[in-house]
4 protein chains.
Amino acid sequence: MSSEKSRSRGRPRDENARQAVLRAAKELLDEHGLGGVTIEAVAARAGVSKPTIYRSWKNSYAVAMAAFLETTETQLPVKASGSAVADLRKHLRKVAEVFTTRTGRSVAAMIAASQSETELAKAFRNHFILASREEGRKILQRALTQKEMRSDIDFDVTLDLIYAPLYFRLLVGHGNLDNAFTDSVLEHALIGLAERPQKKR
Amino acid sequence: MSSEKSRSRGRPRDENARQAVLRAAKELLDEHGLGGVTIEAVAARAGVSKPTIYRSWKNSYAVAMAAFLETTETQLPVKASGSAVADLRKHLRKVAEVFTTRTGRSVAAMIAASQSETELAKAFRNHFILASREEGRKILQRALTQKEMRSDIDFDVTLDLIYAPLYFRLLVGHGNLDNAFTDSVLEHALIGLAERPQKKR
Amino acid sequence: MSSEKSRSRGRPRDENARQAVLRAAKELLDEHGLGGVTIEAVAARAGVSKPTIYRSWKNSYAVAMAAFLETTETQLPVKASGSAVADLRKHLRKVAEVFTTRTGRSVAAMIAASQSETELAKAFRNHFILASREEGRKILQRALTQKEMRSDIDFDVTLDLIYAPLYFRLLVGHGNLDNAFTDSVLEHALIGLAERPQKKR
Amino acid sequence: MSSEKSRSRGRPRDENARQAVLRAAKELLDEHGLGGVTIEAVAARAGVSKPTIYRSWKNSYAVAMAAFLETTETQLPVKASGSAVADLRKHLRKVAEVFTTRTGRSVAAMIAASQSETELAKAFRNHFILASREEGRKILQRALTQKEMRSDIDFDVTLDLIYAPLYFRLLVGHGNLDNAFTDSVLEHALIGLAERPQKKR
DNA sequence: CGGTAAACGAGACGGTACGTCGTGTCTTTGA
DNA sequence: TCAAAGACACGACGTACCGTCTCGTTTACCG
């Protein structure tokens, strides 16, 4: 229950230092990419000592990740219109658009960094990937109640189906990330690939 | 007529050295991951000098990439049965299975490395990603001629739709990469998400 | 009054490391000559990292020079007897004797190194060459007061005249550096080369 | 006439190559000092391969030495006037003057290089140092016959006495190498340092 | 209100790896 | 059979960051 702040002995962490670090890390991330976020560079730019950084974060990736998560909008919500499918289309367009900016590069870099850092992987997964799918999940829910989608679909698989192609192109860069692409992905996913006797629509 | 490569002047590159380097790099990649493929370690294990490596490759990532591409099967072909859809299901299962092995970790690492190395990105894209989609493309083609799939689908989008979820889970690790998943992805993609008046099946 | 050096911020240099470096450098200098004093070898032998050495010295020559100066006696003093000329003879013999030892090789090497390193040249000049002439200068002074030498001689020129032949033979090696030589040099310098009407002595 | 068999089998050494090498080495020596005379640089500038150089010289110092000796005047003769002492003064002035030019730097560099290369030391000693003393020796001889100098002087010691101070200042740089200095050295050497009962002059 | 514990900056430390340079040798092709 | 071109093993270079460690100083709590 301990409602006490517990306020451990000694001098408290300097909030200014924390923010200076994160600001510096964000700038370096934007300017030079993940590889530019070295502890030394961050320390120098933030006017902070290296131990001060290591006191709060495990390594440079952790700092970069914290800076990224702290300053990046994950949800990209769309105002609900009558058509959930239309909302989803709009949402995916927004996601793709963000992916073409510097933020997209950072997302890719974070995923890359996650490969060798298990803890970061988890952090990024929970605080960015899964978080950013929430909006999609909501829209899917709406689509279901409005009977715009089949009731027996698996949400997790469906979310992968429509988000993964965007991440895939972000990471591999084998094709554009424009509206035409996101629309087409959604269209294919909705109609389905299989030939069927009586076409509709 | 001499279409010969003209055999440039001077001592030719030592093929033994080349192979020793790639073998050492592959071993290090498997044993310690991409981070373990340092030029110094490769040179030491291959019994080769550092300049010899730098003469042929730009940096450690390039060596690792070359070693990976040279020793990894990309196509994962399936014997054509009567049903193209069944073949596709089988193929995706194989891909997912490979992704759960050490090779999968390497694929992820390569994609990660590609983020900061444009040339590598291209090499990996062309020699692995696109190459490995060829089998899928062939099956898709077969599905079309056998009228198992709609004739108006976009191949590139379709390939992204069915492959991307696998890569996504490989990279983000937010869910399993088992048969149930690949089957489900394929099923959803085939049937389509949209509700439709007259249900089939 | 605090004439204190103000104790610059941060962790102070490790005195043990400094000494280990100089000791290692001195050993290498003695064992393999100046060419053997590589930063890598010094670091390895001293159990110190390369950056630690570079933090304190500009390059390998600077380390060798420091090690040499720190461990080499420069003055070679002689107890004053009644005759300043006799003292000078004794002193020059001592210098020549040292020049035939390992220390002599080092002196030569240092002069050689000084050719390409201006800063080192200055250091060596001030801390070895000029310092080692001080004993000669003192004796000269004594010779003057005792009227053993002409009062109108130029000290700097005189010092060059009697020391230079020793350095010359050290560096060029065209003749012995024994007592006969130093005595002869001194004798010639004292009496003078010129023929004169009435000979003395 | 060229039916001579001497023409040892195969392709003869290319005399042009030899000269190109020496010319390149001399240029590099003048431009960047001895440290600039690397085999690679010489080969590149001379348009010659490295093995071609190694076929004729042991290492870079040998090349530099050869280039230096081939292009440098050693004797610096003076026209004999009535006074040998005057001639000697003039000669020493010329030596000192040369020592203040680029050639002087090269002489110093060669002496420096000689410290670690025994063969070079010998070559330089014989072909430069001793050669350049020949003029002094001749003048000394003349001085003797003209009774300008004492008949019992030791030539080798005397030569060291008057040349060494010049080399000393060249190498250590603790004082000027001007006419005042050379004249003063000679004057001191001639008159002698010792006080004597009856002053002359 | 004075101790004391912990944070702070500065910066040196042992390490690891980097990518480059020059060495002297060796191997091929071409003249 | 030589020369050019250039690859080779070797070894050292000087630099960049890493993550850890002293330092001396500052801040805030607690007794």
Side-chain angles (χ1 to χ4, degrees), chain A residues 7-14 16-18 35 37-44 46-60, chain B residues 6-18 35 37-44 46-56 58-60, chain C residues 6-18 35 37-44 46-56 58-60, chain D residues 7-14 16-17 35 37-44 46-55 57-60:
Chain A
R7 203 67 174 84
S8 65
R9 295 284 302 278
R11 178 174 177 174
R13 297 273 172 90
D14 184 345
N16 292 340
R18 194 191 114 86
V37 186
T38 67
I39 296 294
E40 303 232 320
V42 172
V48 143
S49 72
K50 289 200 291 171
T52 295
I53 299 179
Y54 281 109
R55 221 169 278 123
S56 298
W57 294 275
K58 187 173 167 274
N59 55 35
S60 63
Chain B
S6 103
R7 199 71 174 81
S8 66
R9 297 286 297 275
R11 180 175 176 173
R13 297 273 171 92
D14 185 344
E15 182 56 26
N16 293 339
R18 192 190 116 86
V37 185
T38 68
I39 296 293
E40 303 230 320
V42 172
V48 144
S49 72
K50 286 200 291 173
T52 293
I53 298 179
Y54 281 110
R55 218 170 284 122
S56 296
K58 188 175 166 267
N59 55 34
S60 62
Chain C
S6 102
R7 197 71 174 78
S8 65
R9 299 285 298 271
R11 180 174 177 173
R13 296 273 171 92
D14 184 345
E15 183 55 26
N16 292 339
R18 191 191 118 86
V37 185
T38 67
I39 296 294
E40 303 232 321
V42 172
V48 145
S49 71
K50 286 200 291 172
T52 293
I53 299 179
Y54 281 110
R55 220 169 280 124
S56 296
K58 189 174 165 268
N59 55 34
S60 61
Chain D
R7 200 69 173 83
S8 67
R9 294 282 301 282
R11 182 170 172 175
R13 295 264 174 97
D14 186 345
N16 293 340
V37 186
T38 67
I39 296 294
E40 303 230 320
V42 172
V48 143
S49 72
K50 289 199 291 172
T52 296
I53 299 179
Y54 280 110
R55 220 167 282 123
W57 293 276
K58 186 173 168 274
N59 55 34
S60 62

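A, B, ... follow the sequence lines: proteins, then strands. Residue 1 opens every chain. Fair warning: this is a prediction, and the values are worked out from it, not measured in the lab.
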d(B:S60 OG, B:E40 CD) to nearest 0.5 Å is 11.0 Å

Could you pull out the closest heavy-atom pair between C:V48 and C:A17, with the gap in Å? CG2-CB, 4.1 Å

Whole-Å gap separating P (E:dG24) and NZ (D:K58): 8 Å

Toward the 5' end of DNA chain F, which comes first, D:V48 or B:P51, by nearest nucleotide? D:V48

Rounded to whole angstroms, how far apart are CD1 on A:I53 and P on F:dT20? 13 Å

With a 3.5 Å cut-off and just heavy-atom distances, do the side chain of B:R11 and the base of F:dC8 make a donor-acceptor pair? no

Identify, between C:A41 and B:T52, the residue whose nearest nucleotide on DNA chain F lies closer to the 5' end. B:T52

Among F:dA3, E:dT25, F:dA9, which nucleotide sits nearest the side chain of D:K50? E:dT25

Picking from E:dC18, F:dC17, F:dC23, which would you name as closest to the side chain of B:S60? E:dC18

Just how far, in rounded Å, is C1' of E:dT20 from CD of C:E40? 13 Å

What distance do B:S49 atom OG and B:I39 atom CD1 have between them, rounded to the nearest 0.5 Å? 11.0 Å

Can you measure C:Y54 atom OH to F:dG14 atom C1' for me and round it to whole angstrom units? 5 Å

Is there a side-chain contact between A:S49 and the phosphate of E:dA10, meaning an N or O under 4.0 Å from OP1 or OP2? no

If you only use heavy atoms from C-beta on, which nucleotide in F:dA5, F:dC13, E:dA17 is closest to the side chain of B:T38? E:dA17

Nearest whole Å is fine: how far is F:dC21 C1' from C:N16 CG? 14 Å

Less than 3.5 Å apart, any donor N or O on the side chain of A:R18 or A:S56 sitting next to an acceptor on the other? no

Return the nearest nucleotide to the side chain of C:I39; candidates are F:dC13, F:dA3, E:dG19. F:dC13

Nearest of F:dG6, E:dG24, F:dG14 to any side-chain atom of C:N59? F:dG14

Using the side-chain heavy atoms of A:D14, tell me which of these nucleotides is nearest: E:dT20, F:dG19, E:dC8. E:dC8

Does B:R13 reach a base, just sugar-phosphate, or nothing at all? Heavy atoms under 4.0 Å. sugar-phosphate

Of the listed F:dC8, F:dA3, E:dC8, the closest approach to the A:R55 side chain comes from E:dC8

